[in-house]
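Right, one structure below, let's go through it.
Below, all heavy atoms of this structure are taken into account, side chains as well, without hydrogens, waters or symmetry copies. The chains referred to below are lettered A, B, ... by the order of the sequence lines, with proteins before strands, and numbering in each begins at 1.
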Amino acid sequence: MAPVIALDRVGMTYAADSGLVEALRDVSLTVEQGEFVALVGPSGCGKSTLLRLVAGLRAATTGTIAVNGAAVRGPIRAVGMVFQAPVLLRWRSILDNVLLPAELAGLDPKAHRDRALALLELVGLADFAAKRPAELSGGMQQRASLCRALLLDPPLLLMDEPFGALDAMTRDEMNLELLRVWGEAGGSGQGGVRKTILFVTHSIPEAVFLADRIIVMSARPGRIAMVAPVALPRPRTVEIRTSAEAGRLALAIYEALTRRVAA
Amino acid sequence: MTRLTRAFGRYGPSLVLFGLLLVAWQLAVSVLGIREYLLPSPWSVVEALTGGDIAWTRHIWITSVEIFGAFVLATVVGVLLGTAIAWSDIMSRALMPFLVFVNTLPKVAVAPLFLIWLGYGIVPNVLIGALIGFFPVVINTAVGLNQIDQDMLDLGRVFNAPKWRVFAKIRIPNAFPYILSALKVTATAAVVGVIVGEFIASQRGLGYVIITTQSSMNTPVAFAALVWISILGLLLFGAVAALARYLAPWAEGSEQ
């Protein structure tokens, strides 16, 4: 079976006001079905760009990108995206925001209503389905945006610093929630298979807590500096987050990052 | 706090000021003995509001129709042009310089041309009102349609949504508060345009009433016409504000 994501010597250069910017250089990476892969790196290392290349929202300058064995030549289908900001439509209720993907895809939103409500229930927003985004806290809005990404049950989730704008406590809470949803929604997903997640973050502890594997990227041009498998057991708990093993791994990644930045 | 005291807290100060000005006006006229054709007393203005020798109903009706027509025309043309500009870069590049040029014209100075082209009647006045009022609608429509988070547009692309669907689901609702706030400006501008039109070329309407008082020195009637014009303007403005609360309640307070 082909890996869900396969990047082969991907490079990306774009024109900015200050001239050509090389965002990514020679990035090769595969992500297997059901894997949770975190991308960490300093800001401006091109990790968000990498996510958009995988989604087909931007084009690579060199190299090839394939999703489920098919070369990416435009926006890919069957993908859920979560961004750093919740980007909810402020005139729609939470429920109607969650149903937006169905409407955009030209499907009947009524047929997805039950699933939308079940997803909102899953993240504890059942009572807020009829509210407008402005009536919810940032963390609750981001939960709604996660439900929106999951509505059409995509086998692949691309998450771009989804909890980066939240306060530390809400963020920890959301991490547990995401793992729970990943497990539960994965079990109920197409063919009962677990979703594949590519998760961009600038928080090392977050990456360690969530991922099966961490890709450490160096500063511009973004290259892969280190690949760190995370051997921590699942399900991940608060105890695991604060364990010595998690701490050691976080330190190793931190050192890899600072060494690269200094070099 | 009861509803009444809250309402007074909000409108009280301006009502008190308004009342004081009226009293000062009445006092100034009667104490200083200012003659009626220079400054009529508030009371004689009130009497003139329904004064017998002017066919108020007819003039108010004509001006109302013109203002409404100008407002609707400016809205329709403005929204269509704004949408065209937001729809494609080529249309934007084609239309914008022309629209900016039209907007820099002193539109009042164009008004006499409308008389030559269209003659007397309602139509030229409607057109002048629309011409003065349409530009903010164009700009705000285009801005509102384009002020969309790139991430949101990416969502549209990921779900393979055709352009018209992104307009229908995302861009147009997003533009509502922008358009409605432009319409508040347009409501005022339409009144100005219509009255200017009536000054220049008309035998009916409140603007015409004001012009005729120049020769008759019937100043209370001019004041009364002013009062009627401002009532029409306030009604239209209030209707737009109510429409905004109804169509875009989520934008209350953020867009004024």
Enumerate the inter-chain donor-acceptor pairs under 3.5 Å for chain B and chain A, one line per pair.
residue, atom, partner, partner atom, Å
B:D151, OD1, A:R52, NH2, 2.9
B:R157, NH1, A:L57, O, 3.1
B:R157, NH2, A:L57, O, 3.3
B:V158, O, A:R77, NH1, 3.1
B:N160, OD1, A:R77, NH2, 3.2
B:R165, NH1, A:L104, O, 2.8
B:K169, NZ, A:E103, OE1, 2.8
B:N174, OD1, A:R90, NH1, 3.2

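- By the neighbour-count criterion of 12 heavy atoms within 6.0 Å, atom CD1 of B:I90 is sparsely surrounded, having that number or fewer from other residues, nucleotides or ligands.
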Side chain to side chain contact (heavy atoms under 4.5 Å, CB included) between B:F159 and A:L152, worked out: CA-CA 10 Å; B:F159 294 106; A:L152 300 180; 3.7 Å; yes
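- Residue B:I148 does not touch chain A at all, counting heavy-atom pairs closer than 4.5 Å.
- For the pair A:I76/B:V158, no side-chain contact is recorded, criterion being any heavy-atom separation below 4.5 Å from C-beta on.
- Environment of CG in B:L4: sparse, with no more than 12 heavy atoms of neighbouring residues, nucleotides or ligands closer than 6.0 Å.
- The side chain to side chain donor-acceptor pair (under 3.5 Å) analysis of residues 85-111 of chain B, with sequence neighbours excluded, yields the pairs B:N103-B:K107.
- Within the 4.5 angstrom heavy-atom criterion, no atom of A:L107 approaches chain B.
- Heavy atoms from other residues, nucleotides or ligands lying under 6.0 Å from CZ of B:F68 number 12 at most.
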